[in-house]
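Have a look at the structure below before the remarks.
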Amino acid sequence: MSTDPQFVTEAELELAVERKIEHEKVGEIDPEAGEYLDEIYDIVDAVVSRTDDPTLPALTLRVWILGIFFGFLLSMVNTLFTFRTNTLTVNPFVAVLLAYPLGLGMSATFPKVSILGIPLNPGKFNFKEHALIYVFASTCTQPAYALYNIIGQRYQLYQEDLSVAACVFFGIVTQCFGYGLAGLCRRYLVRPAAMLWPSNLSTIAMLNSLHQQDVDPSLPLSRFSFFWIVTAVVFCWQWVPGLIAPIFAAISILCLAAPKTGDRGQMMRMLGSAYNGMGLLSFSFDWSLMTILTPITTPLWALLNQFLGLYFFLWVLTPILWVHNAFGIDFTLGTLPQDGPNGTQLFPLGQALNTGALFTKEGARISARAFVNTADLSLKEDVYEKNHPIYITTYFALLYTSSFIVFASCLVHVGLWYGKDVWHRFRTAMRDLDTSDIHAKMMDVYPEVPDLWYIILLAANLIVGIAVCQWGGFQLPWWGVLLGFLLALVSMIPIGTIQAISGQQIGLNVMSEFLIGLILPGRIAAVMAFKTFSYMAMSQGLLLVSDLKLGHYIKIPPRAMFTVQLFATLMAVIVNIFTSFFIYEHFGKVQVPIDDTDPTGPTETVWALQAPNPPVGWNANGYNVFLNAGAIWGAIGPARFFGPNSPYSSTLYGFLVGAVLPVVPWLMHRYFPNGYWHLVNVPVFMTVPLDPGSTLSIMITPLLVGIIVNYFVKKYHHAWWKKYAYVMSAAFDCGTAIALTIIFFIFVFGDNAPHMPRYALNRYDPEHCAPDFYMTCNERAEDPNYSAATDPDCMYFGLAA
């Protein structure tokens with residue numbers, strides 16, 4: 001065990017937190033406030049030093065150079081990856097690892113002179129600088145949520161009058177809206193010792209592990225060297241599933257074993273296909289698909305909860321409900337020849353299951369654009385009445401059910417397991433905010449950010465938000481912006497308190513859609529804008545509060561933290577928006593039928609990413625699902641789509657199920673306290689983080705990776721796990737991201753991009769689930785000199801459309 005509290009490892013932190021959670025759940029903590037604070041200090045002291053050197057420079061030129069470089073890079077690359085079928089996010093830990101040797105190099109080589117009063121080299125690269133670079137990178141890591149709103153209106157709904165300036169201001173306002181709330185709530189959510197914010201402790205432990213000296217002679221390889229070796233290996237491998245042999249991205253056992261004809265073979269293909277079905281027994285060797293489930297950095301108990309829930313939802317419940325037409329015509333969706341393998345090829349297996357598409361009452365696919373007026377983005381009542389009820393696949397419907405369950409179960413779970421803890425710590429925080437907290441006393445040395453700064457920022461965002469939504473093309477009236485602000489305001493402290501204590505955030509996205517969809521039915525743009533405003537105001541605000549607490553622990557001057565957070569957010573939003581515009585527009589345009597229900601009718605020019613067959617692995621699935629969700633909640637409205645006469649009214653029982661289920665493990669733990677019931681987390685179990693249309697070959701391999709690394713390696717090679725596990729995860733992300741970026745710009749991007757030759761491991765359908773004629777004819781058509789008219793095998797291919 002480490003004796004210096006400044007250099008506590010991830011393993012020691014994990015042990016401390018596990019002990020704390022176990023004590024809480026078996027009721028061993030005295031409910032008096034003093035006992036609660038003692039318990040908090042025990043945990044924090046395991047990671048955070050009780051000493052500080054206020055003379056250490058924090059916001060240095062090195063921070064600006066490295067922060068801007070890595071922030072810009074992460075913003076651009078992660079925006080690019082939002083267009084993948086399965087979104088990939090490069091972790092900010094990559095920037096932390098790379099910044100450390102660069103910072104040391106800059107401190108060793110930069111001259112110790114000042115320019116305009118700014119020292120080029122203020123001394124040794126220190127812990128506070130490194131933490132600020134992490135804040136810079138983490139702020140830029142997650143692309144702005146407003147992107148989905150902007151891309152949906154500007155490109156998918158062809159709102160040509162939506163100006164670039166309006167998009168930029170909308171992105172800035174929605175990302176910065178939470179700053180004012182975060183600043184005004186900081187005395188309740190940051191300064192009190194009772195507000196733990198446990199996720200920050202692992203971040204501090206990670207930074208500690210880099211700044212401590214390696215003393216284990218059995219592991220002489222430095223983390224930095226290990227990182228680059230693994231990155232190089234993964235970079236080389238990623239070319240295999242990413243380009244050379246895509247079959248390794250989804251090896252679908254049931255498809256390979258299925259009979260070519262017959263109902264049994266069709267059922268095996270639909271259940272086994274990772275691209276079009278449920279991915280039953282399908283597995284992958286593509287880290288870019290697996291990383292969304294973070295199998296290495298997620299605690300094993302949480303990973304087991306998540307995968308058991310995924311198996312239940314995807315491999316048990318969805319197939320049963322699909323076969324029995326639980327929502328009306330589930331089994332017949334996608335069966336019309338016009339959409340099948342010999343038609344538009346939207347559903348190459350002849351049925352629809354793993355897709356976020358919308359369908360008419362006849363089972364034909366219909367785009368959201370078909371029943372939305374492009375002039376004012378209102379519902380086309382005549383088109384809707386002709387085709388209603390609008391259907392979605394069984395999987396899509398169960399994802400909504402899951403979100404309802406998770407919302408209710410999170411409230412109940414936190415109340416049962418952490419209710420007493422939350423109440424006592426909140427009461428302690430309100431009664432005695434920070435008078436005895438050593439960390440608050442040390443932070444008082446630094447000039448605080450005046451409340452006026454946050455008030456001005458909040459007022460400016462509110463004014464600009466009203467202007468851009470009312471008159472900038474987002475169609476949300478002024479009172480809608482105020483309502484979104486009030487929703488975030490009233491939820492900030494209670495939800496923030498829950499997150500600070502339990503580490504779990506209760507999202508407002510579903511409830512915000514419900515609320516505004518009931519108030520403004522038929523207004524897709526307004527509903528999407530309100531969802532973005534209210535959800536991001538709270539979510540982004542709590543992210544900023546978490547960073548403020550990180551600065552509180554590390555003793556970063558508040559004004560330096562404020563400057564970095566604000567600058568990084570503004571930079572990231574601009575990079576996000578212009579990168580997404582560049583990618584979307586440079587994919588080009590193609591001709592498609594104007595009316596999806598009449599494929600033989602007139603055609604129009606649309607963006608290639610909206611065509612029936614976008615590049616494999618790059619179909620902008622997240623944007624398509626967001627738009628279709630906007631159509632469901634906005635254009636159609638929750639009253640129609642989930643109302644009493646709707647096929648999907650039963651999904652609302654998810655709220656009741658979510659309220660009841662968490663009681664079961666809680667009661668079982670009370671009666672059997674020595675069992676494992678305290679590890680059953682219903683919100684995690686019921687969370688399905690995979691959008692419809694995702695590649696579902698990641699149901700086996702990530703779990704094996706998590707078990708191997710976080711059980712066997714951790715148990716039998718603990719020193720290796722402690723030193724290299726998190727570094728390995730970051731290296732996997734980094735090597736994968738570099739390879740995919742190169743592959744994208746050389747082999748995917750643009751009209752004249754070269755193609756990998758077709759062979760057994762690189763068929764048109766990489767997982768070999770689609771019919772043979774579908775793969776053969778499409779592969780022959782890739783030859784620019786090919787003529788289907790002279791090919792007896794394919795001369796009638798595609799004519800079903």
Side-chain angles (χ1 to χ4, degrees), residues 25 293 301-318 320-321 326-327 392 394-423 487 490-491 494-499 501-518 531 534-535 538-539 542 625 629 632-633 638-639 641-644 646-670 676-692:
K25 290 187 172 182
L293 298 174
W301 69 267
L303 198 68
L304 292 173
N305 270 275
Q306 185 173 56
F307 271 86
L308 288 174
L310 288 174
Y311 294 150
F312 171 71
F313 268 101
L314 272 66
W315 290 0
V316 178
L317 189 58
T318 298
I320 291 174
L321 296 181
F327 299 108
I392 55 178
T394 311
Y395 179 41
F396 201 173
L398 282 179
L399 284 180
Y400 278 125
T401 308
S402 167
S403 68
F404 301 153
I405 294 174
V406 169
F407 179 83
S409 66
C410 193
L411 290 172
V412 177
H413 176 86
V414 170
L416 291 174
W417 290 105
Y418 299 101
K420 183 184 292 186
D421 201 1
V422 170
W423 168 246
L487 183 62
V490 298
S491 61
I495 293 181
T497 301
I498 291 172
Q499 185 175 349
I501 302 306
S502 68
Q504 295 177 319
Q505 183 182 116
I506 302 172
L508 291 178
N509 49 338
V510 172
M511 298 314 297
S512 64
E513 287 176 315
F514 237 128
L515 176 63
I516 198 64
L518 292 172
K531 172 185 175 181
S534 58
Y535 172 63
M538 187 208 71
S539 178
L542 292 180
V625 171
I632 290 171
W633 296 97
F641 198 85
F642 296 102
S646 165
Y648 303 103
S649 59
S650 59
T651 62
L652 297 179
Y653 286 112
F655 290 110
L656 179 60
V657 173
V660 173
L661 273 184
V663 179
V664 176
W666 181 76
L667 287 176
M668 295 300 292
H669 178 70
R670 289 180 66 87
Y676 294 96
W677 289 101
H678 64 285
L679 297 178
V680 178
N681 189 304
V682 172
V684 175
F685 181 89
M686 289 296 175
T687 297
V688 182
L690 304 170
D691 286 336

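In this chain, residues are counted from 1 in sequence order.
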Practice prompt. Could you go through the side chain to side chain contact (heavy atoms under 4.5 Å, CB included) check for N681 and F685 one step at a time?
Written response: CA-CA 6 Å; N681 189 304; F685 181 89; over 6 Å; no

Item to complete: Any chance you could lay out the side chain to side chain contact (heavy atoms under 4.5 Å, CB included) test for Y676 and W301, step after step, and finish with the verdict?
Response: CA-CA 10 Å; Y676 294 96; W301 69 267; over 6 Å; no

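- The two residues A659 and V663 make their nearest non-hydrogen contact at O-CG2, 4.0 Å.
- Summarising the geometry, atom CG belonging to L308 is positioned 12.5 Å from atom CZ belonging to F313; distances are rounded to the nearest 0.5 Å.
- When side chains are defined from C-beta on, L314 counts as touching Y395, because their heavy atoms get closer than 4.5 Å.
- Just one residue in the list F641, Y400, F396, F642 forms a ring pair (Phe, Tyr, Trp, His ring centres under 6.0 Å) with Y648, and that residue is F641.
- In plain terms, the two heavy atoms of V657 and P662 that are nearest each other are O-CD, 4.5 Å.
- Relative ring orientation between F514 and F404 is described as tilted, the plane-to-plane angle lying within the 30° to 60° band.
- Between L310 and P689, the closest side-chain pair of non-hydrogen atoms falls below 4.5 Å.
- No donor-acceptor pair closer than 3.5 Å links the side chain of T651 to the backbone N or O of T401.
- Annotation: side chain of W677 is not in contact with side chain of R670 (no heavy-atom distance under 4.5 Å).
- Atom-to-atom distance recorded for L317:CG and F312:CZ is 4.5 Å, nearest 0.5 angstrom.
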Worksheet item: Please walk me through it: do L293 and F307 pass side chain to side chain contact (heavy atoms under 4.5 Å, CB included)?
Response: CA-CA 9 Å; L293 298 174; F307 271 86; 3.5 Å; yes

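- Ring pair W417/H413 is tilted by interplanar angle, where 30° to 60° counts as tilted.
- Residue S534 comes nearest to S512 through the heavy atom pair OG-CB, 3.1 Å, listed as atom of the first residue, atom of the second, then distance.
- Contact record, V406 with P683: CG2-O, 3.8 Å, taken as the closest heavy-atom pair.
- No donor-acceptor distance shorter than 3.5 angstrom exists from the side chain of S402 to the backbone of L398, with no hydrogens or angles considered.
- Smallest separation of non-hydrogen atoms from P692 and L399: CD-CD1, 3.0 Å.
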Discussion item. The test is side chain to side chain contact (heavy atoms under 4.5 Å, CB included); show your working for M686 and L661 and say whether it passes.
Written reply: CA-CA 10 Å; M686 289 296 175; L661 273 184; 3.2 Å; yes

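- Considering every non-hydrogen atom in both G643 and S649, the closest pair reads O-CB, 3.0 Å.
- Side-chain atoms of N305 never come within 3.5 Å of backbone atoms of V684 as a donor-acceptor pair (strictly under, hydrogens ignored).
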